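Since the structure comes first, as structure tokens, the remarks are kept for the end.
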Amino acid sequence: MAELTTRRAYLLAAIQADGQPVTTCRAEQLLDGSPLTPTGRNTVRKALRGLARDGFLVAQDRGGRRIYLIPTTPGEDGRS
């Protein structure tokens with residue numbers, strides 16, 4: 001469980017540094033340079049969903065693809 005938290009924290013920092021909308025594929029690329037153990041696509045999806053559930057990212061569907069964005073204003077994730 002501690003590894004999952006570390007993976008999410010690393011992924012969030014990488015997404016924030018990248019500053020672009022992120023797909024699962026892009027998140028995998030961002031994690032390639034991490035010191036963490038290699039991850040599968042499903043693990044990356046779970047990490048992205050977890051970050052969105054916790055309010056760190058906003059999930060949107062665009063052109064039939066799921067993307068994740070960093071909230072730019074308070075409450076953008078649908079929470080108050």
Side-chain angles (χ1 to χ4, degrees):
M1 187 70 169
E3 184 179 337
L4 180 61
T5 303
T6 303
R7 180 173 288 112
R8 284 185 186 170
Y10 184 93
L11 181 57
L12 180 60
I15 291 169
Q16 289 171 333
D18 191 49
Q20 300 295 317
V22 176
T23 61
T24 302
C25 181
R26 181 65 183 139
E28 283 182 300
Q29 293 169 354
L30 292 172
L31 283 173
D32 276 347
S34 80
L36 304 169
T37 57
T39 59
R41 191 166 185 80
N42 194 43
T43 302
V44 174
R45 281 189 186 118
K46 288 179 184 179
L48 289 168
R49 281 194 308 254
L51 288 168
R53 181 185 59 241
D54 294 341
F56 294 107
L57 298 174
V58 176
Q60 291 183 355
D61 290 323
R62 287 190 187 167
R65 298 181 71 185
R66 174 66 48 111
I67 64 163
Y68 294 87
L69 308 162
I70 299 169
T72 55
T73 57
E76 184 179 318
D77 64 350
R79 299 178 190 186
S80 41

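All values below come from the heavy atoms of this structure, side chains included, with hydrogens, waters and symmetry mates left out. All values reported here derive from a predicted model rather than from experimental measurement.
Remark: R66 engages A59, D61, Y68 in a side chain to side chain contact (heavy atoms under 4.5 Å, CB included) (not counting sequence neighbours).
The structure places CG of L69 at 4.5 Å from CD of Q60, a figure rounded to the nearest 0.5 Å. Rounding to the nearest 0.5 angstrom, the gap separating the CD1 atom in I67 from the OG1 atom in T24 is 11.0 Å. Summarising the geometry, atom CG belonging to L11 is positioned 7.5 Å from atom CG belonging to L57; distances are rounded to the nearest 0.5 Å. Within the model, atoms CZ of R45 and CG of L48 stand 9.5 Å from one another, a figure rounded to the nearest 0.5 Å.
Across all their heavy atoms, I70 and Q16 have their closest contact at CD1-CA, 3.5 Å. Taking all atoms of both residues into account, the shortest heavy-atom contact from P71 to G55 is CG-O, 3.7 Å. Between L30 and I15, the closest heavy-atom pair is CD1-CG1, 3.9 Å.
Evaluation of the salt bridge (charged side-chain N to carboxylate O under 4.0 Å, His left out) test over residues 16-29, restricted to residues two or more places apart or in two chains, returns D18-R26, E28-R41.
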